[in-house]
Number of protein chains: 2
Amino acid sequence: MNSDFTLAIHSITYLALQLDRMSTSDAISESAGVHPVRIRKVLSLLKKHGFIKSKEGTGGGFIFARDLSEVNLWDIYKITSEGALQPKCPDSNEACVVGANMQRVLIDIFLGAEEHLGEYLKHYTLKDIVDLIYKEN
Amino acid sequence: MNSDFTLAIHSITYLALQLDRMSTSDAISESAGVHPVRIRKVLSLLKKHGFIKSKEGTGGGFIFARDLSEVNLWDIYKITSEGALQPKCPDSNEACVVGANMQRVLIDIFLGAEEHLGEYLKHYTLKDIVDLIYKEN
DNA sequence: TGTACTGTAATGCTAATCGTTACAGATTAG
DNA sequence: CTAATCTGTAACGATTAGCATTACAGTACA
């Protein structure tokens, strides 16, 4: 799994703490420790799905566009990383019982795993994340 | 996630269908479509944990060493891929509330996710996999 | 003693990831 | 109107992870 998922969580959490004004990709990138272009790339996905809004030009930037307890981590996972759990099996040997059927079996199992993961991630809303950020260790 | 997990499943399933004799890394690699050295590398992990036995020299190879319904996919995951879900966060900005706390929050969430995944994988024993291999689509 | 294996280190290739540059388009301030 | 400040995206390069491959030592057997 690449880091788009965690980067998206980081960015949108940042926005969740700046609900009253727009944040630039520069500001977010400084918080997340990555390049502003990556932030813009990830946030363009979130925008496409209506979780945030953006504005170009002076005074522009990104701003959260939903209710905090309405967005959960599964929403974000689906946008940034759906299918990431799926293993990339090399073409195995069709002449072997195992080789011929393993891929099908594994795909089903991993699809189930991702679905299962979804049930877990659904329980974390952005509001939960914000609370956790402020909670002492 | 790299493919060690699926390769391990493939290999050990192969062995599960050859319980009466040893299989060479060459034979398994032909079924899985990867290089024999990778098979030996993955299987050396499974051996270290007692799931299989191996023998060097002529007539040697690998053989399954447990009961089919006693080994499940979570066992194999732990050996080959534990921690693979964990995101590699870049060092974020300690001067920012989000940057300073996000890593801790994410690590906890992903630890929970892996634990949750474990509950799912525990339900698949090697016997289940063998049955699925033989089951028609 | 030669042959057939495992075990493992080392090397190199390839693809994914990510940083960086570049620049077009939008918006606002002056 | 023009310069400054943003987003949006494509393109290029560097770094890294994954994997194949080679090489060879160690073990068992015929």
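These numbers come from a predicted model, not from an experiment.
More than 12 heavy atoms of other shown residues, nucleotides or ligands fall within 6.0 angstrom of atom CD in Gln18(B). More than 12 heavy atoms of other residues, nucleotides or ligands sit less than 6.0 Å from atom CD of Glu70(B). Around atom CD of Glu30(B), no more than 12 heavy atoms belonging to other residues, nucleotides or ligands sit under 6.0 Å away. Sparse packing is recorded around NZ of Lys127(B), with 12 or fewer heavy atoms of other residues, nucleotides or ligands lying under 6.0 Å away.
In this structure, OG in Ser11(B) is found 9.5 Å from CD1 in Ile76(B), a value given to the nearest 0.5 Å.
A donor and an acceptor atom, one from each side chain of Asp67(B) and Ser69(B), are located under 3.5 Å apart. In this structure, a donor-acceptor pair under 3.5 Å is absent between the side chains of Tyr120(B) and Glu115(A).
Here Lys48(A) lies out of heavy-atom contact (under 4.0 Å) with every strand.
Residues Lys47(B) and Lys53(B) fail the side-chain proximity criterion, which asks for heavy atoms closer than 4.5 Å. Residues Met102(A) and Ile133(B) form a side-chain contact, since some pair of their non-hydrogen atoms from C-beta on lies under 4.5 Å apart. Contact annotation: the side chain of Tyr14(A) approaches that of Cys96(B) to within less than 4.5 Å [non-hydrogen atoms, C-beta and beyond]. Put simply, the side chain of Ile63(B) does not reach to within 4.5 Å of the side chain of Leu15(B), judged on heavy atoms. Looking at heavy atoms from C-beta onward, His10(B) lies out of side-chain contact with Val34(B) at the 4.5 angstrom threshold. The shortest side-chain heavy-atom distance between Pro87(A) and Phe5(B) does not fall under the 4.5 Å cut-off. Contact check for Asn101(B) versus Tyr134(A): no side-chain heavy atoms found under the 4.5 Å cut-off. When side chains are defined from C-beta on, Leu68(B) does not count as touching Thr125(B), because their heavy atoms never get closer than 4.5 Å.
For the contact set between residues 4-19 of chain B and DNA chain D, defined by any heavy atom under 4.0 Å, there are no members. Contacts with DNA chain D (heavy atom under 4.0 Å) in residues 34-42 of chain A: Val37(A), Arg40(A), listed by number. Contacts between residues 50-61 of chain A and DNA chain D, counted as heavy-atom distances below 4.0 Å, involve Ser54(A), Lys55(A), Glu56(A), Gly57(A), Thr58(A), Gly61(A).
Contacts between chain B and DNA chain D, taken as any atom within less than 4.0 angstrom of a protein heavy atom, begin and end at dG18(D) to dC29(D). Nucleotides of DNA chain C lying under 4.0 Å from heavy atoms of chain A occupy a range whose first and last members, 5' to 3', are dT17(C) to dT28(C).
Each end of the helix from dT1(C)-dA30(D) to dG30(C)-dC1(D) gets its own rotation axis from five pairs of C1' atoms, and the angle between them is 0° to the nearest 10 degrees.
Glu114(B) places a side-chain N or O within 3.5 Å of a backbone atom of Gly83(B) that can act as its donor or acceptor partner.
Arg38(B) and Asp4(B) are joined by a salt bridge, as a carboxylate oxygen and a charged side-chain nitrogen come within less than 4.0 angstrom of each other.
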